[in-house]
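Take a look at the structure below.
First listed ligand is number 1; within each ligand, the first listed atom is number 1. Counting from 1, the numbers follow the sequence of the chain as shown. Nothing here was measured: the structure is a model prediction, and the numbers come from that model.
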Amino acid sequence: MIEIAIDGTAASGKGTLARRLSVKYDFPHLDTGSMYRMVALELINDKKNDYTNLEIESCKIAKKLSFKQLENNKLRTEVVAALASKIASFPGLRETLNLKQIEFANVNKEKYGGCILDGRDIGTKILPNANFKFFINASVEIRAKRRLLEKNISFLHGNDEECMLQSLIIDITKRDLSDSRRKTSPLVPAEDAFIIDTSSISADEVMSIATKIIERSNKIVG
Ligand code: DC
């Protein structure tokens with residue numbers, strides 16, 4: 001049974017790689033970031049995002065969270081991402097979501113022979129014995145440019161575009177710092193992870209690097 005763990009910084013391309021590998025090998029994929037985002041979105045919707053008991057409220061939401069809820073476009077905003085990163089430092093919330101992630105992995109390994117999880121602590125905490133571990137990164141400028149392209153906004157003035165890019169660079173940098181400096185399960189490459197810098201390569205090239213690594217092991221027949 002195959003476990004593929006993909007970690008990395010915000011907007012580095014880890015989700016794209018995970019989705020492509022999921023299609024290629026027919027293993028279910030879980031975007032664990034969307035679980036933290038879903039809890040954050042519900043806190044915002046319930047107006048509990050500046051509540052003093054943020055950890056308790058987050059855990060209550062997390063306990064009821066189902067995988068079906070994760071297909072939601074409202075999860076993709078920077079406001080949701082920032083709150084997701086903030087609450088991701090709560091040990092109680094992480095324990096609740098970790099159990100769901102481990103259950104996802106176990107059920108799908110049994111049913112489909114493999115699973116793919118992406119996030120921040122997959123190779124270090126959730127799947128420490130994964131068959132393949134990848135750590136995806138890129139320069140903050142490139143990641144901000146990719147996020148801007150995803151937003152698909154047409155700007156009337158070049159200045160507006162530059163302002164939005166600078167604001168994305170600030171948001172992503174803040175998130176990198178909060179994800180990598182927290183005490184519980186910080187964003188850090190697993191010692192045995194393959195590190196891929198996607199700053200100057202395309203999504204196709206990232207996929208090709210990852211599949212070569214997987215296939216040379218002969219553990220999966222692609
Ligand atoms: O991957 P993403 O950008 O959608 O993740 C949103 C936030 O969730 C991220 O800034 C940190 C948190 N997160 C985490 O702490 N651990 C994970 N396994 C996945 C995400």
Side-chain angles (χ1 to χ4, degrees), residues 3-22 29-44 49 54-55 58-59 61-62 65 67 69-105 115-128 130 133-138 140 142-144 146-148 150-151 168-190 193 196 198 203 206:
E3 292 176 347
I4 302 179
I6 305 178
D7 290 302
T9 50
S12 57
K14 60 186 185 315
T16 304
L17 175 63
R19 284 189 295 277
R20 287 184 167 202
L21 290 175
S22 163
H29 160 229
L30 177 62
D31 165 5
T32 62
S34 65
M35 299 174 82
Y36 289 90
R37 284 173 184 257
M38 191 67 226
V39 176
L41 180 63
E42 290 216 1
L43 285 167
I44 293 170
N49 44 321
L54 202 54
E55 181 161 14
S58 305
C59 289
I61 296 170
L65 188 128
F67 295 121
Q69 288 173 274
L70 304 178
E71 304 289 320
N72 183 336
N73 283 340
K74 292 191 182 133
L75 298 180
R76 310 314 315 167
T77 68
E78 297 308 317
V79 174
V80 169
L83 183 60
S85 179
K86 181 177 173 182
I87 60 175
S89 65
F90 297 146
L93 173 65
R94 299 201 73 85
E95 269 169 41
T96 308
L97 294 182
N98 288 357
L99 289 178
K100 290 185 189 270
Q101 292 165 20
I102 292 167
E103 189 195 343
F104 175 94
C115 64
I116 302 173
L117 275 71
D118 82 79
R120 300 291 187 289
D121 60 345
I122 308 302
T124 49
K125 174 86 184 171
I126 307 297
L127 303 175
K133 295 184 187 178
F134 297 101
F135 188 89
I136 314 298
N137 201 1
V140 68
I142 294 285
R143 290 184 282 137
R146 288 185 191 145
R147 271 286 141 87
L148 191 60
E150 275 168 22
K151 291 185 189 290
L168 280 168
I169 290 176
I170 293 169
D171 288 347
I172 293 175
T173 306
K174 274 192 199 153
R175 205 139 71 82
D176 285 351
L177 287 177
S178 102
D179 292 346
S180 52
R181 287 188 178 165
R182 66 173 179 238
K183 286 205 185 97
T184 320
S185 298
L187 166 70
V188 57
I196 305 177
T198 68
V206 179

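Within the structure, the side chain to side chain donor-acceptor pair (under 3.5 Å) test picks out the following pairs touching residues 83-99 (sequence neighbours left out): Tyr36-Arg94, Ser85-Ser178, Ser85-Asp179, Arg94-Asp121.
Arg146 and Thr198 are linked by a side-chain donor-acceptor pair at a separation below 3.5 angstrom, with hydrogens and angles left out of the test.
Just one of Asp176, Ile169, Thr173 meets the side chain to side chain contact (heavy atoms under 4.5 Å, CB included) condition when paired with Arg143; it is Asp176.
In terms of the ring-ring contact (aromatic ring centres under 6.0 Å, His included) criterion, Phe90 has no residue partners (sequence neighbours excluded). For Glu71, there are no salt bridge (charged side-chain N to carboxylate O under 4.0 Å, His left out) partners at least two apart in sequence or on another chain.
Of the charged side-chain nitrogens involved, none lies within less than 4.0 Å of a carboxylate oxygen, so that Lys100 and Glu103 do not count as a salt-bridged pair.
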Could you pull out every N or O of ligand 1 that sits under 3.5 Å from a protein N or O, with the distance for each pair?
from     : atom 1 : to     : atom 2 : distance (Å)
ligand 1 : 1 (O)  : Lys14  : NZ     : 3.3
ligand 1 : 1 (O)  : Arg120 : NH1    : 2.8
ligand 1 : 3 (O)  : Arg37  : NH2    : 3.2
ligand 1 : 3 (O)  : Arg120 : NH2    : 3.1
ligand 1 : 3 (O)  : Arg175 : NH1    : 3.0
ligand 1 : 4 (O)  : Arg37  : NE     : 2.6
ligand 1 : 4 (O)  : Arg37  : NH2    : 3.3
ligand 1 : 10 (O) : Arg175 : NH1    : 2.8
ligand 1 : 10 (O) : Asp179 : OD1    : 3.2
ligand 1 : 10 (O) : Asp179 : OD2    : 2.8
ligand 1 : 15 (O) : Arg94  : NH1    : 2.8
ligand 1 : 15 (O) : Arg94  : NH2    : 3.4
ligand 1 : 15 (O) : Arg182 : NH1    : 2.9
ligand 1 : 15 (O) : Arg182 : NH2    : 3.0
ligand 1 : 16 (N) : Arg94  : NH2    : 3.0
ligand 1 : 18 (N) : Thr32  : OG1    : 3.0
ligand 1 : 18 (N) : Arg120 : N      : 3.1
ligand 1 : 18 (N) : Asp121 : OD1    : 2.9

